[in-house]
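Encoded as structure tokens, the structure appears first; notes follow it.
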Amino acid sequence: MGRTLTLAIGAIFAVVFSQAPEYAQQYQQRIGGAIDELAKIIRTFDADAGEEGLGREQALVRLKGNIDPLAARRGARMDEAIRRYEQLIRQRAALRGAGPVERVYVLARDFDPEIGSAAAEDFKPAVPVTIGGFVAAAIGFLIALLGGGTARAATRAVRRKRRRGRLEPSRGGDAPGR
């Protein structure tokens, strides 16, 4: 029964883990869309700054230091948008340069919650027909097998210990002559 359950759990883990490369691909597509939108916003900001004879940094300093709270807030938000754009560019490059299995690691390391949530909402599971999908499935299966084997071994050890405790006489201090 234990081995059958472990194999069933292994199969479930394999299916779940096999979806990681597909999710990473859909996440990467979302990054591309976010980069495109942020690039438009930044180009418009740079053009507006240029019309005022300012560079990007000068315009940000001017806005963030403005006594009008709305202008100051807009400057801070623009600064955040620029930093996020740069981070997404780096993450996209890292994802593109990674192999199929490493891509899942890169995604987890640099995960963007906003993009991740949007990708999860639209996620469509796929049959793993890529090397990355098969490797991820194998990793999931092995994790389940190792976990199941460890749990079975621990259960057997506890049972043995209980049996020994019932069969062996007590070695406590109540024995006569002590």
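Here the structure is a predicted model, which means the values were calculated and not measured.
Annotation: Arg74, atom CZ; neighbour count of heavy atoms from other residues, nucleotides and ligands within 6.0 Å does not exceed 12. Heavy-atom contacts from other residues, nucleotides or ligands closer than 6.0 Å to OH of Tyr105 number 12 or fewer. For Glu114, the CD atom sits in a loose shell: 12 or fewer heavy atoms of surrounding residues, nucleotides or ligands are nearer than 6.0 Å.
When side chains are defined from C-beta on, Leu60 counts as touching Phe45, because their heavy atoms get closer than 4.5 Å. Side-chain atoms of Val106 and Glu102, non-hydrogen and from C-beta on, do get closer than 4.5 Å to each other. When side chains are defined from C-beta on, Ile31 does not count as touching Asp112, because their heavy atoms never get closer than 4.5 Å.
For Lys40 and Glu37, the salt-bridge test passes: some basic side-chain N is under 4.0 Å from an acidic carboxylate O. The existence of a salt bridge linking Arg90 and Asp110 is excluded, since no basic side-chain nitrogen approaches an acidic carboxylate oxygen closer than 4.0 Å.
Listed for the Arg103 side chain is a donor-acceptor partner under 3.5 Å among the backbone atoms of Ala98. No donor-acceptor distance shorter than 3.5 angstrom exists from the side chain of Glu86 to the backbone of Arg83, with no hydrogens or angles considered. Here the side chain of Tyr23 pairs a donor or acceptor atom with the backbone of Gly116 at under 3.5 angstrom. Arg56 contributes no side-chain N or O that, together with a main-chain N or O of Asp46, makes up a donor-acceptor pair within less than 3.5 Å.
The two residues Ala76 and Lys64 make their nearest non-hydrogen contact at N-CG, 3.5 Å. Between Gly75 and Leu63, the shortest heavy-atom distance links the atoms CA-CB, 3.6 Å. Between Ala49 and Ala59, the shortest heavy-atom distance links the atoms CB-CB, 3.6 Å. Minimum heavy-atom separation, Arg92 to Gln28: O-NE2, 4.5 Å.
Checking Gln91 against Tyr27 by side-chain atom types alone, a donor-acceptor pair falls below 3.5 Å.
The structure places CG of Asp122 at 11.0 Å from CD of Gln29, a figure rounded to the nearest 0.5 Å. The distance from atom CZ of Arg43 to atom CD1 of Ile41, rounded to the nearest 0.5 Å, is 10.0 Å. If you take CD1 on Ile115 and CZ on Arg30, they are separated by 9.0 Å, rounding to the nearest 0.5 Å. Here Asn66 contributes atom CG and Arg73 contributes atom CZ; the two are 11.5 Å apart, rounded to the nearest 0.5 Å.
Under a hydrophobic-cluster definition in which Ile, Leu, Val, Met, Phe, Trp and Tyr are linked whenever side-chain heavy atoms come within less than 4.5 Å, directly or via other members, Leu38 and Phe111 are assigned to the same cluster. Linking ILVMFWY residues whenever their side-chain heavy atoms come closer than 4.5 Å, directly or via other members, leaves Met78 and Leu54 in distinct clusters.
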